[in-house]
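As structure tokens, the structure follows; a few thoughts come after it.
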Amino acid sequence: MKRPLAVIGFTYLAVLCLAAQLDAAVCLVFALLCAACAAVFWLGFGPFRRRAVLLIVLCTAGAAFAVYAATWHFAYWPAASLAGKTAQVRGVVTDAPVTSGQTVYYLVKADTVAVNGKVMACGLTLRVKTQESGIAPFSRVTFTAALSLPADGAASGFDSRQYYRSKDVYLFAAPQGTVQTAAASGFHPYVLAIRLRQLLSTRLQTRVGGIWGALSSGILIGDVSALPTWVKGDFTAAGISHILAVSGTQISLIMQALLWLFAGLRLPRRLSALSTAAVVLGFMAVTGFSPSVNRAGVMSLLYLGGLMLGREAEALNSLGASVLVLCLLNPFAAMDTGLLLSFAATLGLVLVSGGCMRWVGVGIKRLPERAGRLLHMPAAVLCETVGATVFTLPVILLTFRQISLVTFFSNVLEVPVSLLATLLSAVVSLLPGGWLVGWLVTPMALLLRLCCAVMIGYAHWLADLPFASVSTDYGFIYPVLLLAIAVGLLFWRMRGRGADGRAAVLCVAFTLSVGMASHAAAAWGVLEFAALPAQDGNCTVLLNAGHAVVVDLAGYDAAYLASRWLKAHNVTQVDALILPSWDRKRAQNLTDLSGSVPVRTVYLPGVYGAQAPQAGKAVAAAAVVRWGGAVLTLYPSVDGKTLLTAVRYGSARAVLTGGVKADTAAYVLPRQALAADELFYGGELSGEFIQDVSPQFAIFSGNPSTGAAAGGALGVRGCALRGVNGQVSLVRTRGGAFLQVT
């Protein structure tokens, strides 16, 4: 067998992805079944060489099922059983805390987790959410906290529980009272990596400045905390968000640059490889040992190990070995999106990009020499993009439900510029400020700023193009894309056998035309409600025939989420923005949203009429807005401080409260004004309000405790309750029954 590690690693990863969708007991049954089949093949007749590959696959699959079931039973389930309990936790903070708005998040490696004085678990990693700041890495903490499981995805479609399991985090902790802290005991080497990460980020943001410094920090070490949300949204829409995630690109670039440098200094090969391996390990620590970085790091270390031993590492074997190591350490890591994207992109580069470049190179050789040199770099980037895109497409479709149609154009320019920016970021952040070499910082920082400005401007221009990105919420997009891929593969297979390039172009054009016509037919007459997962806030978008109405804009990231959602659905203007209340944060979000997607009219409560923006309308009495065949009725409260929105579309009825308290007694309402099948809310609900609405379905966002508080009363009335956590929750109707999409 030429590539045993590739066979074992790929099989192990694929089986773990399957096991993550099954129960632990079912995984154990499959493990026994694989073992039985392996025994049959072992005792089978015929040459053993013919049975070897299948035997290895069966043994690997059985081991993967067994390991997953054992990890679930002995590691995860004992921790999950503590959910819903109040525990006394003692442990150590394992990384630098992250601040999001007013909330601070950090990880704690718990020495003990005790319930009612009895130690229930040791060595658990908890994700702590608190309002307290000033907690240093590796300080010891003691607190009493309510333990809970992350959301399982049943309410929102995004399986937060599965995501955190891949990070080896099983429980959330919300401290009750003050967190007691003590200084770290002893020295922890990882502190150096944390300090270096903070130093690099600070130097880049100081020396380069503005959003350019924030982007360079994201390119080099993945720190995008200071990067504006609109920039991240543009990179996502243009299909180049991978540039902001540290993965194999940065590690490969740093490794090759160091090897070239050491070769220029004429260091021995083994010493060069050993020194480079040390730097790679250090870089993995600085970036936080994320799964995608670890995958690339292990591959690089295998390559460097081959150099030290005088042997050449095989790409597919190295890739298989890297994912095998990571999944052996944590079987749940197989479902980490970053790891899957990194693995798929690397597999595409190995299997497709090389052959594609050889095919393109034949045509380039026919051109004049100067033209061939100019086209070689764009052609190489394009071939790499094709290989990576084809293999990452399934992961993107299933995870993000959005696909960029301009990704090839964006990568051709952005990738080469980002490679230069990565090297410049490393130099600018590592150069000392003294007189000896400090004079180099300014010109390099200016060049780095220029690179970042080009990247931001180009991404913004592409993201604003019509149909720059397409939502995959309509299921027909999957067979259309598969058909387009099949046409491309068929042409590739038939090349040199009379296949005409014009025929392939016509086939792809026909496929896309059918797809666009299907999109128009599927979206015709559909009113869509999209509850966005705003952090500690509320935002709902109504979409109909390419037009949009936004209800509420609360939460620090609401403007970014709304802008990204609207652009993904090719909405260039918001017809109406309805704000159920008015405060400084909503005013800032309105400014941010208007800078990205123009807002025609803003409706806000009447008492805030003096503070209304230029396009604002203060609602002092019940007002009717007719939009796209739907009737939106705005009901102000008696004190004029809040608004309720009732929607009628054919026989379909919905009520949207936004992120404010809804109490019928606070409003003067006509009889049956709020009766509805669907309820969208983010604030508290009174019992009288719930009775008046009597919804069949309800979707809540914002504070989870608010939704849980109303959940009991809604459940008693037979209402199906859903939460928004990490992913958009969709509801559609053609004017009759509501269809729950996620």
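In what follows, every heavy atom counts, from backbone to side chain, and hydrogens, waters and symmetry copies are set aside.
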- Evaluate the ring pair (Phe, Tyr, Trp, His ring centres under 6.0 Å) criterion for residues Phe697 and Phe738: first the C-alpha distance (whole Å), next the side-chain angles of each, then the deciding distance (0.1 Å), finally the verdict. CA-CA 9 Å; Phe697 308 97; Phe738 285 96; 7.5 Å; no
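- Taking a 6.0 Å sphere around NZ of Lys585, one finds it holds more than 12 heavy atoms contributed by other residues, nucleotides or ligands.
- Across all non-hydrogen atoms, the minimal contact from Leu643 to Pro636 is CD2-CA, 3.6 Å.
- Note that the CD atom of Gln696 and the CG atom of Leu714 stand 12.5 Å from one another [nearest 0.5 Å].
- Without hydrogens or angle criteria, Thr733 side chain to Ala737 main chain gives a donor-acceptor distance under 3.5 Å.
- At least one donor-acceptor pair under 3.5 Å links the side chain of Asp583 to the backbone N or O of Arg586.
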- Task: Take Val731 and Phe680 through the test side-chain contact (heavy atoms from CB on, under 4.5 Å) and record every step on the way to the result.
- Result: CA-CA 10 Å; Val731 177; Phe680 297 82; 4.1 Å; yes
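- Closest approach of Trp565 to Glu528, counting heavy atoms only: CZ2-OE1, 3.4 Å.
- A heavy-atom distance below 4.5 Å is found between the side chains of Thr657 and Leu679.
- Taking both residues in full, the closest heavy atoms of Ala530 and Leu730 are given as CB-CD2, 3.6 Å, listed atom of the first, atom of the second, then distance.
- Remark: Lys167 NZ is packed, more than 12 non-hydrogen atoms of other residues, nucleotides or ligands lying under 6.0 Å away.
- Side-chain contact check for Leu215 versus Phe235: some heavy-atom pair is nearer than 4.5 Å.
- When side chains are defined from C-beta on, Leu527 counts as touching Trp627, because their heavy atoms get closer than 4.5 Å.
- For Tyr458, the OH atom counts as densely surrounded, since its 6.0 Å shell holds more than 12 non-hydrogen atoms of other residues, nucleotides or ligands.
- Other residues, nucleotides and ligands contribute more than 12 heavy atoms inside 6.0 Å of the NZ atom of Lys232.
- The aromatic rings of Tyr164 and Phe172 lie perpendicular to each other, with more than 60° between the two planes, well past the 30° mark.
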